[in-house]
**Q** 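Below is one structure. I have some questions about it.
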Amino acid sequence: HNKVFIADGTVGMVGGRNIENRYFWVDQSFNQRDLDAVVIGEVITELQVSFDNYWNSMWAVPIERLESPVKPRQARRYFRGLHQYSNEQLATPAFVNIAPTPLERYRISRDMLAAEIEFIADDPDKVVDRQPQQFDRLNALTDDAQQRVLLGMAYLVPSDAVVSQVEALTSRGVEVKVLTNSMDSINFPAAFSGYAPFRRSFLEMGATLYEFASDAQYPQCPQFCSDKAMGYHSKLMVFDQGTSYVGSMNYDPRSIDLNTESGLIIYSEEVTARVAALFYEDAGTRNSWRVTSSSPLRWSRPNEDGTLEISKSEPKASSLSKLHVAFWRLMPLGDQY
């Protein structure tokens, strides 16, 4: 589940984004809100070492061992499909609009900030030894928080230990705010079925809970995707004022016990302020619903005129979505969420 991109051994990206249309806001039906960090400097060596560890591990195998050669008839069908997609020119306008001029390329370096960075990645052998190095590190940072913890996770299926941790934080006055997907914005109903039962507990413990709105709007979204459904795929954390996390890990059993994950812990008040600003661009705005009551659950978000839009059931969720979640609630998923 790691997401690491390295160019020429000089510039790297770490975050939650996959290489697929929806993660670049050019899908014609559903797009994802995501987050990466661009890094340069000594940390690139650590990224490269981690990549090489995975590449050279026994768990990385040539594709020929998994897939049989494509037959000529299949190849022709794939070829026709690619050309049909290319001729539709769905993505071209977006990428033409964002293509930087030579002078604009330098803007990236001007916007960068100096910071101490800790790159963390699970060992490839996690698939057998189940040692969640990344989760353990984030868990320790959460325990040490004194003022606030902001948690933005696409998939949130908390364990009893995480629930106890949140209770311990709020009981000593630490502000805890959580942002995850709503039933209508999530693309993985099984994960929502694991999250939903914990909402009342979070609220009763004093945490603030937001759920991402499927009709979230962003100025930078290309025109042809602005009316499409959105989901939340970012994975971020903020600890107090000076420490933040950007990476691939969700707070769910699959990420903790099964997936290998990677991410950056950033020690910088300036960068942490930027990460927190991204959290608040969604949490507390019309881009998310605040769960405002524990019994019964209520959802609200601000209208443009300052009033509140209130929902008494899962906001915008269809009957089919509710049926999917109810189905997965009946399944003994264990650590497969």
**Q** Could you tell me which residues satisfy side-chain contact (heavy atoms from CB on, under 4.5 Å) with P315, sequence neighbours excluded, listed by chain and number?
**A** W289, W299, S311
**Q** Could you label the plane-to-plane angle of the F212 and Y218 rings as parallel, tilted or perpendicular, counting under 30° as parallel and over 60° as perpendicular?
**A** parallel
**Q** Minimum heavy-atom separation for V149 to A145, with atom names?
**A**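 Scanning both residues completely, I find the closest heavy atoms to be CG2-CB, 3.5 Å.
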**Q** What's the separation between atom CZ in F202 and atom CG in L156, rounded to the nearest 0.5 Å?
**A**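 Going from CZ on F202 over to CG on L156, the span is 5.0 Å.
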**Q** Counting only heavy atoms not in D52, do more than 12 fall under 6.0 Å of its CG?
**A** yes
**Q** Answer yes or no: is there a side-chain heavy-atom contact under 4.5 Å between M230 and W25?
**A** yes
**Q** What closest approach, in Å, do S268 and A114 show between heavy atoms, and which atom pair accounts for it?
**A**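 Nearest heavy atoms, S268 then A114: OG-O, 4.3 Å.
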**Q** Residues in side-chain contact (heavy atoms from CB on, under 4.5 Å) with P124, at least two apart?
**A** N53, Y54, S57, W59
**Q** Which of parallel (below 30°), tilted (30 to 60°) and perpendicular (above 60°) describes H83 and F79?
**A**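 Tilted.
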**Q** Would you say the side chain of R286 lies within less than 4.5 Å of the side chain of Q217, judging by non-hydrogen atoms?
**A**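 The answer is no; the side chains never approach within 4.5 Å.
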**Q** Using atom types as modelled and distance alone, determine if a side-chain donor or acceptor of D123 lies under 3.5 Å from a backbone N or O of D125.
**A**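 It does hold such a pair.
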**Q** Quick check against the 3.5 Å criterion: does N181 have a side-chain atom that pairs as donor or acceptor with the backbone of A154?
**A** yes
**Q** List the steps and the verdict of side-chain contact (heavy atoms from CB on, under 4.5 Å) for F188 and D252.
**A** CA-CA 12 Å; F188 188 35; D252 63 4; 5.8 Å; no
**Q** Counting only N and O atoms by type, is there a donor-acceptor contact under 3.5 Å from the side chain of N18 to the main-chain atoms of E20?
**A** no
**Q** Quiz question: by atom type and distance under 3.5 Å, do the side chains of D34 and Y23 form a donor-acceptor pair?
**A**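 Short answer, no.
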**Q** Does M153 offer a backbone N or O that forms a donor-acceptor pair with the side chain of T180 under 3.5 Å?
**A**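 A pair under 3.5 Å: yes.
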**Q** Going by the rule side chain to side chain donor-acceptor pair (under 3.5 Å), which residues pair with S244 if we only count those two or more places apart in sequence or in a different chain?
**A**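 Result, side chain to side chain donor-acceptor pair (under 3.5 Å) vs S244: T272.
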**Q** Rounded at 0.5 Å granularity, tell me how far CG in L258 sits from NE2 in H1.
**A**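 NE2 of H1 is found 11.5 Å from CG of L258.
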**Q** With sequence neighbours left out, which residue pairs that include part of residues 112-122 fulfil the salt bridge (Lys or Arg N to Asp or Glu O under 4.0 Å) condition?
**A** E118-R137, D122-K126
**Q** Please tell me whether S182 and D184 have a donor and an acceptor in their side chains that are separated by less than 3.5 angstrom.
**A**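 Their side chains do not contain a donor-acceptor pair, so the 3.5 Å distance test is not met.
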**Q** Any sub-3.5 Å donor-acceptor pair from D8's side-chain atoms to T10's backbone N or O?
**A** no
**Q** Could I get the full list of side-chain contact (heavy atoms from CB on, under 4.5 Å) partners for T170, not counting sequence neighbours?
**A** V166, V176, M205
**Q** Taking the side chain as every heavy atom from C-beta outward, state whether R148 and K177 have any atom pair closer than 4.5 Å.
**A**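 In short, these two side chains do not touch, never coming nearer than 4.5 Å.
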**Q** Nearest 0.5 Å, what's the CD1-CG distance between I310 and L308?
**A**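 With rounding to 0.5 Å, CD1 (I310) is 5.5 Å from CG (L308).
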**Q** Any side-chain heavy-atom pair from V4 and S50 closer than 4.5 angstrom?
**A**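 V4 does not reach S50 side chain to side chain.
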**Q** Just checking, R17 and F24: is the charged tip under 6.0 Å from the six-membered ring centre and within 45° of the axis?
**A** yes
**Q** Could you tell me which residues satisfy salt bridge (Lys or Arg N to Asp or Glu O under 4.0 Å) with E204, sequence neighbours excluded, listed by chain and number?
**A**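 Result, salt bridge (Lys or Arg N to Asp or Glu O under 4.0 Å) vs E204: none returned.
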**Q** Taking all atoms of both residues into account, what is the closest heavy-atom pair of V163 and P158, and its distance?
**A**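 Minimum heavy-atom separation between V163 and P158: CG2-CB, 4.2 Å.
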**Q** Give the intermediate values and the outcome of side-chain contact (heavy atoms from CB on, under 4.5 Å) for residues Q133 and E261.
**A** CA-CA 9 Å; Q133 295 103 322; E261 307 286 358; over 6 Å; no
**Q** Against M249, only a single residue in N259, N2, I120, L138 fulfils side-chain contact (heavy atoms from CB on, under 4.5 Å); can you say which?
**A**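 It is L138, the one option of N259, N2, I120, L138 that forms the side-chain contact (heavy atoms from CB on, under 4.5 Å) with M249.
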**Q** Would you please name every residue forming a side chain to side chain donor-acceptor pair (under 3.5 Å) with S234, sequence neighbours left out?
**A**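 S234: no side chain to side chain donor-acceptor pair (under 3.5 Å) contacts found.
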**Q** For D27 and K228, which heavy atoms make the closest approach, and how far apart are they?
**A** O-CG, 4.2 Å
**Q** Check whether more than 12 heavy atoms from other residues, nucleotides or ligands sit under 6.0 Å from atom CD of Q48, and answer yes or no.
**A** yes
**Q** Any chance you could measure L236, atom CG, to L151, atom CG, to the nearest 0.5 Å?
**A**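 These two atoms lie 7.5 Å from each other.
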**Q** Could you pull out the closest heavy-atom pair between A121 and Q134, with the gap in Å?
**A** CA-NE2, 4.4 Å
**Q** Spell out, yes or no, whether F30 and F192 are grouped together once hydrophobic residues are joined by side-chain heavy atoms under 4.5 Å, including indirect joins.
**A**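 Different clusters.
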**Q** Indicate yes or no: at least one non-hydrogen side-chain atom of N21 is less than 4.5 angstrom from one of Q28.
**A** no
**Q** Walk me through it: do Q32 and N187 pass the test side-chain contact (heavy atoms from CB on, under 4.5 Å)?
**A** CA-CA 10 Å; Q32 295 275 26; N187 64 334; 3.4 Å; yes
**Q** Between Y155 and H233, what is the ring plane arrangement, given parallel below 30°, perpendicular above 60°, and tilted in between?
**A**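 Judged by the thresholds at 30° and 60°, the geometry between Y155 and H233 is perpendicular.
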**Q** Any luck finding a side-chain donor-acceptor pair between N139 and Q165 under 3.5 Å?
**A**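 Side-chain D/A pair, N139 to Q165: present.
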**Q** Name all residues meeting the side-chain contact (heavy atoms from CB on, under 4.5 Å) criterion together with R274; count only those two or more places apart in sequence or in a different chain, and write none if there are none.
**A**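 Expected list: L113.
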**Q** Ignoring hydrogens, what is the shortest heavy-atom contact between K235 and G16? Give both atom names and the distance.
**A** CD-CA, 4.0 Å
**Q** For the CG atom of L82 and the CD atom of Q84, what is their distance to the nearest 0.5 Å?
**A** 10.0 Å
**Q** Who pairs with E314 by salt bridge (Lys or Arg N to Asp or Glu O under 4.0 Å), at least two apart in sequence or on another chain?
**A**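 Checked E314 against salt bridge (Lys or Arg N to Asp or Glu O under 4.0 Å); matches are R199.
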**Q** Give every residue pair that meets the ring-ring contact (aromatic ring centres under 6.0 Å, His included) criterion with at least one member in residues 237-276, sequence neighbours excluded.
**A**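 Non-adjacent pairs meeting ring-ring contact (aromatic ring centres under 6.0 Å, His included): F135-Y251.
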**Q** If you apply the rule side-chain contact (heavy atoms from CB on, under 4.5 Å), what do you find for R301 with E309, and how did you get there?
**A** CA-CA 5 Å; R301 64 175 179 174; E309 179 181 0; 3.0 Å; yes
**Q** Is the number of heavy atoms from other residues, nucleotides or ligands within 6.0 Å of CZ (R172) greater than 12?
**A**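 Counting other residues, nucleotides and ligands, CZ of R172 exceeds 12 neighbours.
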**Q** Report the residues that fulfil salt bridge (Lys or Arg N to Asp or Glu O under 4.0 Å) with D282, sequence neighbours left out, ordered by chain and then residue number.
**A**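 For D282 the salt bridge (Lys or Arg N to Asp or Glu O under 4.0 Å) partners, ignoring immediate neighbours, are R33.
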**Q** Is there a continuous path of hydrophobic side-chain contacts, each under 4.5 Å between heavy atoms, that joins Y280 to V275?
**A** yes
**Q** Please list every donor-acceptor pair under 3.5 Å in which a side-chain atom of residues 38-47 meets a protein atom from a residue at least two apart or in another chain.
**A**
none

**Q** Nearest 0.5 Å, please: how far is OG1 in T208 from CG in L179?
**A** 12.0 Å
**Q** Answer with yes or no whether the hydrophobic clustering places M58 together with W55; edges join I, L, V, M, F, W, Y residues whose side-chain heavy atoms lie under 4.5 Å apart.
**A** no
